[in-house]
Amino acid sequence: MTTMDTSENVLGGALSPCSSDPVTGFFRDGHCNTCAEDRGSHTVCALMTAEFLAFSKYVGNDLSTPRPEFGFAGLKPGDQWCLCAARFLQAHEEGCAPQVRLAATHARALDIVPLEVLEQHAAA
């Protein structure tokens, strides 16, 4: 049985929704909730950019191509999505990290990404 971690954001408050269109999250509940089974730690609520989507595709995770067999329309710039924390950190290190919504980013992201890094990319 999968037990969801407490829905707390990196600021210590209740986890805000990330996106319901497209619906995101490990649990596909619109939030960046996580659990022990979420090996990728899909915990960072990010605002997609063309630059980040191209980077993600280049490193082997194509988020922009539709995959109808999985009910996935593909992401486009402006969409919000729960990213894997390690991929976000990699994008930060490569200089192409997208903006993040701190209130919608799960506290478990802090296991991988320092709060200072997330704050550098905080959306207004």
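- Within the 4.5 Å cutoff, the side chain of D111 has no heavy atoms near those of the S41 side chain.
- Between C82 and T24 the shortest heavy-atom distance is N-OG1, 2.9 Å.
- Considering only residues two or more places apart in sequence or on other chains, N61 meets the side chain to side chain donor-acceptor pair (under 3.5 Å) condition with none of them.
- Between R101 and Q80, some side-chain heavy-atom pair lies under the 4.5 Å cut-off.
- Here H31 pairs with nothing under the side chain to side chain donor-acceptor pair (under 3.5 Å) rule; sequence neighbours left out.
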Using residues 89-99 as the side-chain source, report each donor-acceptor pair under 3.5 Å to any protein atom, sequence neighbours left out, with the distance given to one decimal.
{"unit_1": "Q90", "atom_1": "OE1", "unit_2": "R87", "atom_2": "NH1", "d": "2.5"}
{"unit_1": "H92", "atom_1": "ND1", "unit_2": "H121", "atom_2": "NE2", "d": "2.8"}

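- Under the 3.5 Å distance criterion, with hydrogens and angles disregarded, no donor-acceptor pair is assigned to the side chains of T34 and D5.
- Distance OH/Y58 to CZ/F55: 9.0 Å, rounded to 0.5 Å.
- Nearest heavy-atom pair across A104 and P17 is CB-O, 3.5 Å.
- For CZ of F72, the number of neighbouring non-hydrogen atoms (other residues, nucleotides, ligands) closer than 6.0 Å is greater than 12.
- Side-chain contact between F26 and C35 is present, with at least one heavy-atom pair separated by less than 4.5 Å.
- Screening T43, T105, V117 for a side-chain contact (heavy atoms from CB on, under 4.5 Å) involving F88 leaves a single residue, V117.
- Scanning both residues, L63 and S56, for their nearest heavy atoms gives CD1-OG, 3.7 Å.
- Counting heavy atoms from C-beta outward, V100 and V10 have side chains that stay 4.5 Å or more apart.
- For the residue pair D62 / T65, a side-chain donor-acceptor distance below 3.5 Å is found, with atom types taken as modelled.
- Judged as a side chain to side chain contact (heavy atoms under 4.5 Å, CB included), and not counting sequence neighbours, the contacts of A103 are N9, S16.
- In this structure, T49 has no side chain to side chain donor-acceptor pair (under 3.5 Å) partners at least two apart in sequence or on a different chain.
- Contact between A109 and V44 at its shortest, heavy atoms only, is CB-CG2, 3.9 Å.
- For K76, the side chain to side chain donor-acceptor pair (under 3.5 Å) partners two or more places apart in sequence, or in a different chain, are D79.
- Under the 2.5 Å SG-SG cutoff, C18 and C32 do not qualify as a close cysteine pair.
- F27 and V23 are not part of a single hydrophobic cluster, where members link through side-chain heavy atoms under 4.5 Å apart.
- A distance of 4.5 Å separates CG of N33 from CE of M4, quoted to the nearest 0.5 Å.
- Linking ILVMFWY residues whenever their side-chain heavy atoms come closer than 4.5 Å, directly or via other members, leaves L47 and L15 in distinct clusters.
- The closest donor-acceptor contact from the side chain of T6 to the backbone of E8 lies at 3.5 Å or more, if one exists at all.
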